[in-house]
Amino acid sequence: MDTRPIGVFDSGMGGLTCVRQMIRLLPGEDIVYFGDTGRVPYGGRSVETIVRYARQDVAFLRSFDLKAIVIACGTVSTTALDVLKRENDLPILGVVQPAAKAAAKITKAGNIGIIGTKATIRSGAYEAAISALLPEAKLTAKACPLLVPLVEDGRVHRGDLVTERVVEEYLAPVKAAGVDTLVLGCTHYPLLMDVISDYMGAGVTLIDTGEEAARAAADLLTRQDRLNDPARNGLRRYYASDSAEDFAATAKLFLGKDISDRVERIAIENY
Ligand code: DGL
């Protein structure tokens, strides 16, 4: 047993889709979450900037004694995972490998769509990971830069005409390619599950990358016999680089509960 907390981070709120699944799969685990809400979005930035931000995010999380870190961010996982792994002596999990595994397993026709931020699609990381598992797969990738700001602004519901229009425009080529599986390569996107699935149709399976990463973390800790007592109720603490009140208000949308007494603002530039 290892009673130390798991660190989880994202550029903003999106990683909470992963935390939600971790709470379900790993109820006994303590979690320290950092959302870089002062600098979100990362997805339109250069590799150098994303790596610099990611290093600071990890340095902050490592001010706690952690047993593992989950990068609950497609952009950081596709762009900075190798650097972070090289520089840190604890297990660091990204979302790419778990999501690629799920997509390769679920697809019937080997026709898979991938959506993510500009940086994620530029990296080609999902394509490489899926192709390694399923070399004959046909892949269609599309950057969707406006989706993160829409989610951060709470514009996630069916009937939101702006969101529906943006989703339609981005996903038209992916739908036209006839994919049967769509990797939501950014952890913000599961909030748009209804709108995306209405547009893509019932025959397309959506892969929630945060959920797959949570499952991978559960598998790893189980295999290594490093789970905390599953009968206890894990303690979760949340940190943000911008207003704690705003974080708590938006977190309600992601977690379905009020966490305002557990959010603190930190100065990420000091790490
Ligand atoms: N949740 C992040 C991701 O998975 C959002 C990226 C961003 O900040 O642009 O890519």
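Ligands are counted one by one from 1 in listed order, and the atoms in each one are counted from 1 as well.
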| said: Measuring only between side-chain heavy atoms, which start at C-beta, is Val96 closer than 4.5 Å to Leu81? | reply: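 No, every pair of side-chain atoms sits at 4.5 Å or beyond.
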| Taking side chain as C-beta onward, heavy atoms only, is Glu136 less than 4.5 Å from Leu134? |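 Yes; the side chains approach each other to less than 4.5 Å.
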| query | What's the spacing between Arg4 CZ and Lys67 NZ if we round to 0.5 Å? | reply |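 So the CZ of Arg4 and the NZ of Lys67 are separated by 8.0 Å.
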| Rounded to the nearest 0.5 Å, how far apart are CZ of Phe9 and CD1 of Ile268? |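 The CD1 atom of Ile268 is 9.5 Å from CZ of Phe9, to the nearest 0.5 Å.
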One residue to check: [X]. Relative to ligand 1, which of side chain, backbone, both or neither has a non-hydrogen atom less than 4.0 Å away?
X     : answer
Thr75 : both
Asp10 : side chain
Ser11 : side chain

| request: Within a distance under 4.0 Å of any heavy atom of Val40, pick out the atoms of ligand 1 and give their elements. | output: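 This gives 8 (O) as the contact atoms.
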| field | For Thr117, the ligand 1 atoms whose distance to one of its heavy atoms is below 4.0 Å | value |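 Checking each atom against Thr117, I get 6 (C), 9 (O), 10 (O).
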Pairs of nitrogen or oxygen atoms closer than 3.5 Å, one from [X] and one from ligand 1: do any exist?
X      : answer
Cys186 : no
Thr120 : no
Gly74  : yes

| Parallel, tilted or perpendicular: rings of Tyr239 and Phe60 (30°, 60°) |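 Aromatic pair Phe60/Tyr239 classed perpendicular.
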| query | Which of parallel (below 30°), tilted (30 to 60°) and perpendicular (above 60°) describes Tyr238 and Phe247? | reply |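 Geometry flag for Phe247 against Tyr238: tilted rings.
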| Which protein non-hydrogen atom lies closest to atom 9 (O) of ligand 1, naming both residue and atom, and how far is it? |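 Nearest neighbour among protein heavy atoms for atom 9 (O) of ligand 1, to 0.1 Å: Gly43 N, 2.7 Å.
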| Considering only protein heavy atoms, which is closest to atom 7 (C) of ligand 1, and at what distance to one decimal place? |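 Going atom by atom, the protein heavy atom closest to atom 7 (C) of ligand 1 ends up being Tyr42 N, 3.2 Å.
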| query | Can you tell me if Cys73 has a non-hydrogen atom under 4.0 Å from ligand 1? | reply |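 Cys73: in contact with ligand 1 (<4.0 Å).
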| task | Sort out for me which residue in Val183, Leu192, Leu184, Thr120 forms a side chain to side chain contact (heavy atoms under 4.5 Å, CB included) with Ile115. | result |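 It is Leu184; the other options fail the test.
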| query | Does the pair Asp229/Arg232 count as a salt bridge with the N-to-O cut at 4.0 Å? | reply |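 So Asp229 does not pair with Arg232 through a salt bridge.
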